[in-house]
Amino acid sequence: MPDVGVLDLPVLDPTDPTLRGERFHEVLADLAARGWLARTDLGYVILDREAGMTFLGDRRLAFPSVQILELQGVHDGPVYERTRDGLMAKTGAEHARVRRLVTPAFTPKATDRLRPRIREMLEQLWSRVAERGETEFVDDFARRLPSMVIAELLGLPGQAERLADWSDALQGVFKLTAAQQRAEIEAAYLDVYSYIEELVAERRARPTDDLVSTLARISEEGDRLTDDECVSLITSVIAGGTDTTQAQLAHGMRLFAEHPDQWKHLRADPSTAPRAANEILRYEPITPFTARLVVEEMQYRDVTFPRDTVVFVCTATANRDPGAFDTPERFDITVDRPNAPILTFGYGPHYCLGANLARAEIAETFAFLAPRMVDLEFAAPPVFGPPTGIYAMESVPIRFVRGDAGTSA
Ligand code: HEM
């Protein structure tokens, strides 16, 4: 069986600055039409949905957060150590043990309890733009809401801005520019860790009903969670819960401005917002690639993947697989796509811990805005970020006519 290294594969350069918007999807679709595998400088890209699910779901494979740093030339220091000890780098029983402790805070039911607060936050953000008829959506909503929600979850009112800045810096690990941004990422890790260590000590002394207090109690009980794991887990929630949802909200608004007919559908029935959220996540996954490390040599579809091979599963092509979705190339919030899970949140043991929360934030945001914003259009062209790491929107300037529901603000 041939080794993946000797195959003649097409090459993808994810750092190519022209890979944005429609062209990004065109290039990926072209690669997917040529076969299920492509090559990058850092590893192999799996373009096919079934193969992607097999790799993501296989418990023998690890999430290569440490290897992604090593491939970028970072082999030591605080970022390296913290990444090595983080939830994503853990495998098997060790991963399951830590993950089980934090899962109850992210069930659909637990997430539903945050919805009234999310709506209050949206009211607050809306009150600043309602009169204007214009919003730079990234600055006014997308960047603000997720960090406000994470601050609420962790019991840190007033710290939302700080959490957003930290998340931005911590996510640098996955952006393929970690070596250049090393000082900035290291400073963020040191800041977050010392802040959370103090916070955990304080919540042990004076517990409240937030996630930090719960984890602080569990780590105090002894062998279930070490102090370091407790701090690391809270850091993962800050790193994972802010930039991601921010980017997905921004792409959502960009998609609605590009597809006014879809905005009209949502305005006609805002209760369909959960389905709209799913379609935004399917059509433009802000994690277009999620990764795995082959820890023992494995064979799949007549190809040998040697130990230490890094594979990137392309969720962007998997989410547009015509075998799984009707009219996959159309952004259409009116179509029910009940049977095929989207891969935006990954799949298998590392499936996104915050998926329910992210869905709730996206659905609440667009259900809230739909009756308030009529006739959306771009006030200036939107600006796309690079699709490596988290595929963000840098700006989404929107003009709108204020709807009846928006006049109370
Ligand atoms: C639209 C928003 C989000 C997207 C697209 C997203 C995407 C992802 C993806 C692709 C993974 C890796 C899954 C895999 O490889 O199988 C992941 C893991 C993770 N996410 Fe999210 N995420 C989002 C929001 C959040 C939120 C709100 C939180 C906050 C709690 C969060 C926390 C995490 C954590 C802690 C992990 C690691 C899980 C593990 O290793 O067991 N994410 N996410």
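Each ligand, and each atom within it, is numbered from 1 in the order the structure gives.
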Can you spot which of Thr244, Thr315, Asn319 makes a side chain to side chain donor-acceptor pair (under 3.5 Å) with Thr344?
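Answer after filtering Thr244, Thr315, Asn319: Asn319.
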Roughly how far, to the nearest 0.5 Å, is the CE atom of Met253 from the CD atom of Glu258?
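One finds 12.5 Å between CD of Glu258 and CE of Met253.
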So, taking the atom named CG in Leu255 and the one named CD in Glu284, what distance separates them when rounded to the nearest 0.5 Å?
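Taking CG in Leu255 and CD in Glu284, the distance rounds to 6.0 Å.
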Test your reading of the model: is there a side-chain donor-acceptor pair from [X] to the backbone of [Y], 3.5 Å cut-off?
{"X": "Arg275", "Y": "Ile333", "answer": "yes"}
{"X": "Thr111", "Y": "Thr107", "answer": "yes"}
{"X": "Gln246", "Y": "Asp243", "answer": "no"}
{"X": "Thr91", "Y": "Ala62", "answer": "no"}
{"X": "Glu279", "Y": "Asp332", "answer": "yes"}
{"X": "Arg372", "Y": "Phe368", "answer": "yes"}

Between [X] and ligand 1, which part of the residue brings a heavy atom under 4.0 Å of the ligand: side chain, backbone, both or neither?
{"X": "Phe106", "value": "side chain"}
{"X": "Glu361", "value": "neither"}
{"X": "Thr290", "value": "side chain"}
{"X": "Ile286", "value": "side chain"}
{"X": "Thr287", "value": "side chain"}
{"X": "Gln248", "value": "side chain"}

Nearest protein heavy-atom contact for [atom]: which residue, which atom, what distance?
{"atom": "atom 34 (C) of ligand 1", "result": "Leu353 CB, 3.9 Å"}
{"atom": "atom 24 (C) of ligand 1", "result": "Thr244 OG1, 3.3 Å"}
{"atom": "atom 2 (C) of ligand 1", "result": "Ala358 CB, 3.5 Å"}
{"atom": "atom 27 (C) of ligand 1", "result": "Gly241 CA, 3.5 Å"}
{"atom": "atom 40 (O) of ligand 1", "result": "His350 ND1, 2.7 Å"}
{"atom": "atom 10 (C) of ligand 1", "result": "Thr344 O, 3.3 Å"}
{"atom": "atom 37 (C) of ligand 1", "result": "Met88 CG, 3.6 Å"}
{"atom": "atom 25 (C) of ligand 1", "result": "Gly240 O, 3.1 Å"}

At a 4.0 Å threshold, what atoms of ligand 1 neighbour a non-hydrogen atom of [X]?
{"X": "Gly346", "result": "10 (C), 13 (C), 14 (C), 16 (O)"}
{"X": "Tyr347", "result": "16 (O)"}
{"X": "Thr245", "result": "2 (C), 24 (C), 27 (C)"}
{"X": "Leu87", "result": "38 (C), 39 (C), 40 (O), 41 (O)"}
{"X": "Phe63", "result": "15 (O)"}

Heavy-atom proximity to atom 38 (C) of ligand 1, best of Arg99, Arg359, His95
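Checking each option, the heavy atom nearest atom 38 (C) of ligand 1 is found in Arg99.
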Heavy atom to atom 42 (N) of ligand 1, shortest distance: which of Ser236, Cys352, Ala360 holds it?
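Answer by nearest heavy atom: Cys352.
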May I ask you to check whether [Y] and [X] place their ring centres under 6.0 Å from each other?
{"X": "Tyr351", "Y": "Tyr347", "answer": "no"}
{"X": "Tyr283", "Y": "His251", "answer": "no"}
{"X": "Phe400", "Y": "Trp126", "answer": "yes"}

So is Lys90 touching ligand 1 or not, going by heavy atoms under 4.0 Å?
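Contact check Lys90 vs ligand 1: negative.
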Should the ring pair Phe305 and Phe55 be called parallel, tilted or perpendicular, given that the plane angle runs from 0 to 90° and is split at 30 and 60?
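Ring orientation, 0 to 90° scale: perpendicular.
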